[in-house]
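Residues: numbered from 1 along the sequence shown.
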Amino acid sequence: MDGGSHPSVEGITRAVRAKGGTLACPVCGREGFTLVEVTVLGAGMAEQYGTRRQQRAQLVCENCGHVMNFDLTKVRPTGGWS
């Protein structure tokens with residue numbers, strides 16, 4: 001992540017709420033998650049065949065294990081993660 005700034009489950013939850021959404025598992029409805037940060041290399045022509053790193057956060061439901069994948073460039077708050 002840039003600038004040593006890392007999101008948290010709470011930070012992503014606040015960012016999603018600020019955009020008018022809610023954060024609950026679509027499979028079991030629970031709200032407890034574990035965060036896994038991922039850097040994905042773009043694989044298509046638009047991503048220039050692996051030259052662009054895409055910042056992602058995966059929230060894993062602590063109850064059923066369902067994984068939600070977030071593009072951090074889309075949910076990152078204007079002032080950064082707090």
Side-chain angles (χ1 to χ4, degrees):
M1 307 285 98
D2 56 17
S5 178
H6 297 280
S8 64
V9 172
E10 294 80 15
I12 292 173
T13 300
R14 282 192 302 272
V16 168
R17 286 184 182 151
K19 292 183 177 286
T22 59
L23 196 58
C25 178
V27 175
C28 69
R30 302 280 177 94
E31 296 179 356
F33 297 95
T34 301
L35 174 70
V36 179
E37 289 183 57
V38 179
T39 300
V40 179
L41 286 178
M45 185 175 278
E47 291 85 15
Q48 302 170 0
Y49 294 106
T51 60
R52 179 185 287 167
R53 294 189 180 274
Q54 301 172 341
Q55 303 301 318
R56 302 285 190 256
Q58 294 181 338
L59 294 185
V60 181
C61 178
E62 292 178 344
N63 182 55
C64 71
H66 177 74
V67 178
M68 290 189 285
N69 189 24
F70 289 89
D71 179 342
L72 293 179
T73 62
K74 301 290 185 188
V75 297
R76 178 175 286 128
T78 305
W81 302 106
S82 55

From CA spacing to verdict: side chain to side chain contact (heavy atoms under 4.5 Å, CB included), I12, L35: CA-CA 9 Å; I12 292 173; L35 174 70; 3.7 Å; yes
Pair V36-V67, side chain to side chain contact (heavy atoms under 4.5 Å, CB included): steps then yes or no: CA-CA 10 Å; V36 179; V67 178; over 6 Å; no
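Pairing each heavy atom of L72 with each of P7, the nearest pair is CD1-CG, 4.0 Å. Nearest heavy atoms, G65 versus V60: O-CG1, 3.9 Å.
The side-chain hydrogen bond (donor to acceptor under 3.5 Å, both in side chains) contacts involving residues 20-32 comprise R30-N63, where partners must be two or more places apart or lie in separate chains. The list of salt bridge (Lys or Arg N to Asp or Glu O under 4.0 Å) pairs with a residue in residues 58-75, not counting sequence neighbours, reads R56-D71. Applying the salt bridge (Lys or Arg N to Asp or Glu O under 4.0 Å) rule to pairs touching residues 15-28 yields nothing, sequence neighbours excluded.
The line from CG of L23 to CG of L59 is 6.0 Å long, rounded to the nearest 0.5 Å. Considering SG of C61 and NE2 of H66, their distance stands at 8.5 Å, rounded to 0.5 Å.
The shortest side-chain heavy-atom distance between F33 and T13 does not fall under the 4.5 Å cut-off.
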